[in-house]
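Structure first, then comments.
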Amino acid sequence: MAGVWPEFRDKRVLVTGGSQGIGLATARAFAANGAVVTVTGTRASPSDYADDLRGLAYLQADFAAPGTARRLAGDVGPVDVLVANAGTGRPDEYTEAGFRAVIDINLNAVMDLALAFHPALKARGGAIVAMGSLSSFLALRETPAYTASKAGLLGLTRALADKWAPDGIRVNLVAPGFIRTRMTEPQRSDPDYERRLLRAVPMRRWGEPEEVAETVLFLASPRAAYITGQSVAIDGGLMLR
């Protein structure tokens with residue numbers, strides 16, 4: 001990916017939850033193309049992660065804590081691109097506490113980030129890319145908070161895109177399907193379950209984090225200068241079913 005996106009050289013990028021999985025692949029893609037990239041994670045130090053975070057600035061951020069977005073904006077400074085990737089799910093989403101905790105991180109924190117970074121993004125003609133999910137469009141009955149938060153994130157993306165278009169800020173969303181990450185390893189380690197899962201995917205394979213990253217870079221780049229308020233499913237055709 002290095003050199004493919006020269007427009008990102010020396011641009012400042014923040015990828016929340018960029019310490020692993022899709023977020024890390026996205027952060028590495030921006031950095032490989034000359035961007036100055038900061039990632040966030042919940043652990044105290046980048047050395048606490050199994051993946052190599054060299055070449056990326058790291059900040060600890062707990063988006064469940066009030067004021068995190070404002071503090072982060074102060075610590076990171078102005079950015080050209082905000083990738084709102086940090087998210088969570090819980091096994092207790094059918095409880096009041098579990099539901100609220102997921103909504104706070106997956107949806108409310110994204111709004112907090114957008115507001116905190118709005119002045120800098122307006123000044124720099126920046127872009128926001130939100131990390132949705134196929135549950136932005138489809139119901140996952142075992143995870144009502146995750147489903148509601150990702151569906152809400154799609155609505156938030158559209159509202160912010162409309163409101164902030166006059167400010168020169170573009171806001172879009174990517175919706176990954178079944179992606180080969182550490183989070184999906186349990187599904188991939190069960191051959192029978194994996195076979196049933198991939199039957200729903202016309203392309204009959206898992207997506208790669210780098211494939212999501214490429215779409216994020218496109219939406220954040222000047223090549224997508226006339227695209228805002230849109231969602232892109234990266235799902236091997238699953239949404240066709």
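For this chain, numbers begin at 1 and follow the sequence in order. Quick caveat, the model's predicted, so the values are computed rather than measured.
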Heavy-atom pair with the smallest gap, counting every atom of Ala27 and Val39: CB-CG1, 3.4 Å
Are any non-hydrogen side-chain atoms of Phe178 and Leu197 less than 4.5 angstrom apart? yes
Report yes or no: do Leu156 and Ile128 belong to one cluster of Ile/Leu/Val/Met/Phe/Trp/Tyr joined by side chain heavy-atom distances under 4.5 Å? yes
Report yes if some heavy atom in the side chain of Val15 is under 4.5 Å from a heavy atom in the side chain of Val13; otherwise report no. yes
Val171, Val79: one ILVMFWY side-chain cluster at the under-4.5 Å cut-off? yes
Non-hydrogen side-chain atoms of Ile103 and Asn108 separated by less than 4.5 Å: yes
Derivation and outcome, salt bridge (charged side-chain N to carboxylate O under 4.0 Å, His left out), residues Arg12 and Asp80: CA-CA 5 Å; Arg12 296 177 58 83; Asp80 299 282; 6.0 Å; no
Do Val81 and Val36 share a hydrophobic cluster (ILVMFWY, side-chain heavy atoms under 4.5 Å, transitive)? no
Please find the pair of heavy atoms, one from Gly21 and one from Pro209, that lie closest to each other, and give the distance. O-CB, 4.2 Å
Counterpart residues, ring pair (Phe, Tyr, Trp, His ring centres under 6.0 Å), relative to Tyr94 (two or more places apart): none
Non-hydrogen atoms of Gly41 and Tyr49 that approach each other most closely: CA-OH, 3.3 Å
Would you say Leu107 and Trp164 are hydrophobically clustered, going by side-chain heavy atoms of ILVMFWY under 4.5 Å? yes
With heavy-atom distances below 4.5 Å as the criterion, would you say the side chains of Pro186 and Tyr193 are in contact? no
Would you call Asp104 and Arg100 a salt bridge, taking side-chain N to carboxylate O under 4.0 Å as the test? no
Crowded around Met183 CE? As in, over 12 foreign heavy atoms under 6.0 Å? no
Tell me whether Val174 is reachable from Ile179 by hopping between hydrophobic residues (I, L, V, M, F, W, Y) whose side-chain heavy atoms are closer than 4.5 Å. yes
Donor-acceptor pair, side chain of Ser135 and main chain of Lys150, under 3.5 angstrom: no
Is there a side-chain contact between Met131 and Val129 (heavy atoms, below 4.5 Å)? no
Looking at every non-hydrogen atom in both residues, tell me the closest pair between Gly236 and Pro202 and how far apart they are. O-CD, 3.4 Å
Is the closest basic N to carboxylate O distance between Asp48 and Arg43 below 4.0 Å? no
Charged N to carboxylate O below 4.0 Å: is that the case for Arg70 and Asp112? no
So that I can tick it off, tell me whether Arg180 and Glu194 are bridged by a salt bridge, with the cut-off set at under 4.0 angstrom between side-chain N and carboxylate O. no
Heavy-atom closest contact (Ala120 atom, Pro78 atom, distance): CB-CA, 3.7 Å
For Tyr146, which residues count as a ring pair (Phe, Tyr, Trp, His ring centres under 6.0 Å) partner, sequence neighbours excluded? none
Any side-chain heavy-atom pair of Trp206 and Val201 under 4.5 Å: no
Taking every heavy atom of Leu24 against every heavy atom of Leu56, the minimum-distance pair comes out as CD1-CD1, 3.7 Å
Any Tyr58 side-chain heavy atom under 4.5 Å of Ser45 side chain: no
Any side-chain heavy-atom pair of Thr40 and Leu14 under 4.5 Å: yes
Who passes side-chain hydrogen bond (donor to acceptor under 3.5 Å, both in side chains) against Arg223, sequence neighbours left out? Glu7
